[in-house]
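Single-structure report; data block below.
All ligand and atom numbering here is 1-based and tracks the order in the structure. Any value given below was found using the heavy atoms of this structure, including those in side chains, with hydrogens, waters and symmetry copies removed. Predicted model only: the values in this text are computed from it and were never measured.
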Amino acid sequence: MRYLFLSDLHLEAERPDITRAFLRCLDERAPACAAVYILGDFFEAWLGDDDPNPLGDQVAAALARLADTGVEIYFMHGNRDFLLGKGFCNKARATLLPDPSRVTLNGEPVLLMHGDSLCVDDVAYMKMRRWLRNPVSVAVLNALPLSTRHRIGRKLRSESQTRTRMKASDITDVNQQAVEAVMRRHGVRTLIHGHTHRPAVHELQIEGKAAQRIVLGDWDRQGWVLEVDQDGYRLESFELNGNGT
Ligand code: LP5
């Protein structure tokens, strides 16, 4: 079985090159896979399934076409698209996964996360996250008029940009103790996540055994995918305008 993982595409109308690269990736890589996992921040900003969004419709249709061929599509929320709900998932024929989710890949238990909840040293972000991701807040936000959601989204984005620039680099990365704790709690020796935009394969020890944390990259100057099959885990980058394979 082969599986494809991606995250942090930050799809937006202003970056048609990323959308094209994603659609090419679906055509060229995904048909050979049993499942495609999108681990959050698929969209630059998702303000609700009721927000008219031609780009969202375009990628949902492409995912649904893939699902029709028997490839399973899984979606996990990121900090940019946690308001994405059943409306989009039904159009894309995708299943929404909770964060974290434990899955079995080729017989091995593997933990999937977006990754932002591991950045526990970023105290201001964690506080904001706790508030925003509370189910009551999500319901309240979804009930706000669309124009208000757009205004709040713009304000959050500009505050976040200003404040993130002032944060030390290690503050915006995952905390090693948090990583080890979540891996121990879920009984896994492989963790796959995105969010930090620091693609890498980190080796570590969990309860005296070799383990790995695979960080997916963001799609900006290049695209990133992780392919998993019986031969192992391959984290690869490719040119956005080039051949996706
Ligand atoms: O996104 P990224 O990776 O650049 O930065 C994140 C953290 N920032 C965020 C905020 C998003 O970027 C904003 C996206 C908005 C669009 C979609 C959301 C829809 C929201 C609902 C609207 C109805 O997640 C950033 C982390 C960084 O990752 C690294 O982990 O540091 O966190 C921050 O910068 C948070 C600040 O530290 C605290 C911000 C307090 C903001 C207070 C403004 C309140 C405005 C309210 C207006 C009514």
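The CG atom of L111 sits 8.0 Å away from the OG atom of S101 when rounded to the nearest 0.5 Å. In this structure, CH2 in W219 is found 5.5 Å from CG in L6, a value given to the nearest 0.5 Å. Put simply, CH2 on W46 and CG on D81 are 8.5 Å apart, with the number rounded to the nearest 0.5 Å.
Comment: D8 does not engage R80 in a salt bridge, judged by the lack of any side-chain N to carboxylate O separation of less than 4.0 angstrom. Electrostatic pairing of R133 and D99 does not count as a salt bridge here, judged by no charged N lying under 4.0 Å from a carboxylate O.
For the residue pair E108 and T190, a side-chain donor N or O sits within less than 3.5 Å of a side-chain acceptor on the partner.
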Give a table of atom pairs where an N or O of ligand 1 lies under 3.5 Å from a protein N or O.
from: ligand 1; atom 1: 1 (O); to: N79; atom 2: ND2; distance (Å): 3.0
from: ligand 1; atom 1: 1 (O); to: R80; atom 2: NE; distance (Å): 2.6
from: ligand 1; atom 1: 1 (O); to: R80; atom 2: NH2; distance (Å): 3.1
from: ligand 1; atom 1: 4 (O); to: R80; atom 2: NH2; distance (Å): 3.1
from: ligand 1; atom 1: 4 (O); to: R157; atom 2: NH1; distance (Å): 3.4
from: ligand 1; atom 1: 8 (N); to: S160; atom 2: OG; distance (Å): 2.8
from: ligand 1; atom 1: 12 (O); to: R80; atom 2: NE; distance (Å): 3.3
from: ligand 1; atom 1: 12 (O); to: R157; atom 2: NH1; distance (Å): 2.7
from: ligand 1; atom 1: 24 (O); to: N79; atom 2: ND2; distance (Å): 2.9
from: ligand 1; atom 1: 28 (O); to: H195; atom 2: NE2; distance (Å): 3.4
from: ligand 1; atom 1: 30 (O); to: H195; atom 2: NE2; distance (Å): 2.8
from: ligand 1; atom 1: 31 (O); to: D122; atom 2: OD2; distance (Å): 2.6
from: ligand 1; atom 1: 31 (O); to: K167; atom 2: NZ; distance (Å): 2.7
from: ligand 1; atom 1: 34 (O); to: S160; atom 2: OG; distance (Å): 3.2
from: ligand 1; atom 1: 34 (O); to: T164; atom 2: OG1; distance (Å): 3.2
from: ligand 1; atom 1: 34 (O); to: K167; atom 2: NZ; distance (Å): 3.3
from: ligand 1; atom 1: 37 (O); to: K167; atom 2: NZ; distance (Å): 2.8

